[in-house]
There are 2 protein chains.
Amino acid sequence: MRIGKVAERAGVSVRALRYYEEQGLVIADRSPSGHRRYPESAVERVKFIQLLYAAGLTSKAILQILPFLDTLVATSQMTRRLTDERARIRVKIDALTRAHDRLEELIRLAAEYENSPATCSASADVAASHTSPPRH
Amino acid sequence: MRIGKVAERAGVSVRALRYYEEQGLVIADRSPSGHRRYPESAVERVKFIQLLYAAGLTSKAILQILPFLDTLVATSQMTRRLTDERARIRVKIDALTRAHDRLEELIRLAAEYENSPATCSASADVAASHTSPPRH
DNA sequence: CTTGATCCTCACGTTGACGTGAGGATCTAG
DNA sequence: CTAGATCCTCACGTCAACGTGAGGATCAAG
């Protein structure tokens, strides 16, 4: 498959695919004229790479993990990498969840304000609290 | 309070605080000699800013939201900003969760391999699947 | 009064995952 | 066989949230 088709089917840019090759994430052989040729499996591989990028992994970290997809051989080091990244993702999910909940709290306040703009100033302390439960 | 103390208590660098001021996120008045003076409330404010940064918001986006913390006046535009950012965070949580689950799947495979390296090649298709459930 | 800690303002450096032409070769449909 | 689509390789640009000195003023304690 040519690079444009892979890009389209995987939902990334052509430039991104060249970058992935540069980083060693995807290997493409070449046609006699030098054009990249990808196997069908490249599409799923790129989607997986995108998944990890979206989770905040760096290309170096992805490069450490990809061999497992190819060989399914799990050294203890590979297992540790996988669990380490999973842990990192968990931490991020927790941080995002805290931010989400905090925004939700503010949105509730905003809704209260819309219902009765004049009588909401008593809730001002809630906006300043960070983790503590309501202390009225 | 001086900048060093705020940095320490909020868990950020002095440079970060200067940057926040540059972005209009935190206002500090100055001593006659030009040193920044922060109110106590600055610590919580900076922690809130950090929370939003950690959730992937840009300083511009945070700048749009901060006035609500100060005034607790919710225009319809403000409410929309809050809900928009909450939605964006949700999307990120979902993406992270997908990556997390995928890694978990791989970790299970790795564990299987460790238990019986020779008999696991039959699971090779699992590593290539993306969203589909086990189809044995 | 002095000294070490803390603060100030420029202003350039860093990092990662690409974007964006420049300039040119190759492919493919009609 | 020709033209438009697609591809190639450099190689510099981007953006955001700071890091990192340089060079100098200010503060707090003894």
Legend entry - Value rounded to 0.5 Å, distance of CG in A/Leu66 from CD in A/Gln64: 10.0 Å
Legend entry - Shortest non-hydrogen separation from B/Glu85 to B/Ala61 and the atoms involved: OE2-CB, 3.8 Å
Inset, instruction - Would you mind reporting whether A/Arg9 and A/Glu40 have side-chain heavy atoms less than 4.5 Å apart? - result: yes
Legend entry - Full working for side-chain contact (heavy atoms from CB on, under 4.5 Å) between B/Gln23 and B/Ile62: CA-CA 10 Å; B/Gln23 301 301 307; B/Ile62 298 177; over 6 Å; no
Inset, instruction - Nearest-nucleotide wise, let me know which of B/Ala16 and B/Arg2 is further upstream toward the 5' end of DNA chain D. - result: B/Ala16
Legend entry - Contact check, side chains of B/Met78 and A/Leu106, non-hydrogen atoms, under 4.5 Å: no
List, one per line, each side-chain donor-acceptor pair under 3.5 Å for residues 27-38 of chain B, sequence neighbours excluded.
from, atom 1, to, atom 2, distance (Å)
B/Arg30, NH1, B/Gly34, O, 2.9
B/Arg30, NH2, B/Glu21, OE2, 3.3
B/Ser31, OG, B/Ser33, N, 3.4
B/Ser31, OG, B/Ser33, OG, 2.9
B/Ser31, OG, B/His35, N, 3.2
B/Arg36, NE, B/Glu21, OE1, 2.3
B/Arg36, NH2, B/Glu21, OE1, 3.4

Inset, instruction - Begin from the C-alpha positions of A/Leu25 and A/Val46 and carry the test side-chain contact (heavy atoms from CB on, under 4.5 Å) through to its verdict. - result: CA-CA 9 Å; A/Leu25 302 178; A/Val46 169; over 6 Å; no
Legend entry - Pair B/Val26-B/Leu17, side-chain contact (heavy atoms from CB on, under 4.5 Å): steps then yes or no: CA-CA 8 Å; B/Val26 178; B/Leu17 290 179; 5.6 Å; no
Legend entry - Sub-4.5 Å side-chain heavy-atom contact between B/Ile49 and B/Val12: no
Inset, instruction - Starting from the C-alpha separation in whole Å, work towards a yes-or-no answer on side-chain contact (heavy atoms from CB on, under 4.5 Å) for B/Met1 and B/Val43. - result: CA-CA 10 Å; B/Met1 205 183 342; B/Val43 175; 3.8 Å; yes
Inset, instruction - Taking only Lys NZ, Arg NE, NH1 and NH2, and the carboxylate oxygens of Asp or Glu, determine whether A/Glu105 and A/Arg102 approach each other closer than 4.0 Å. - result: yes
Inset, instruction - Could you list where the contact with chain B starts and ends along DNA chain D, reading 5' to 3', using a 4.0 Å heavy-atom cut-off? - result: D/dA17 to D/dC27
Inset, instruction - List in numerical order all residues of residues 17-27 of chain A for which some heavy atom is under 4.0 Å away from an atom belonging to DNA chain C. - result: A/Tyr19, A/Tyr20
Inset, instruction - Applying ring pair (Phe, Tyr, Trp, His ring centres under 6.0 Å), name anything that partners A/Tyr20, two or more places apart in sequence or on another chain. - result: A/Tyr53
Legend entry - Strand-adjacent residues in residues 33-43 of chain A, judged by heavy atoms under 4.0 Å from DNA chain D: A/Gly34, A/His35, A/Arg36
Legend entry - Flag if over 12 foreign heavy atoms under 6.0 Å of CD, A/Glu22: yes
Legend entry - Most 5' of A/Val14 and A/Ser31 on DNA chain C, judged by nearest nucleotide: A/Val14
Legend entry - Strand-adjacent residues in residues 56-66 of chain B, judged by heavy atoms under 4.0 Å from DNA chain C: none
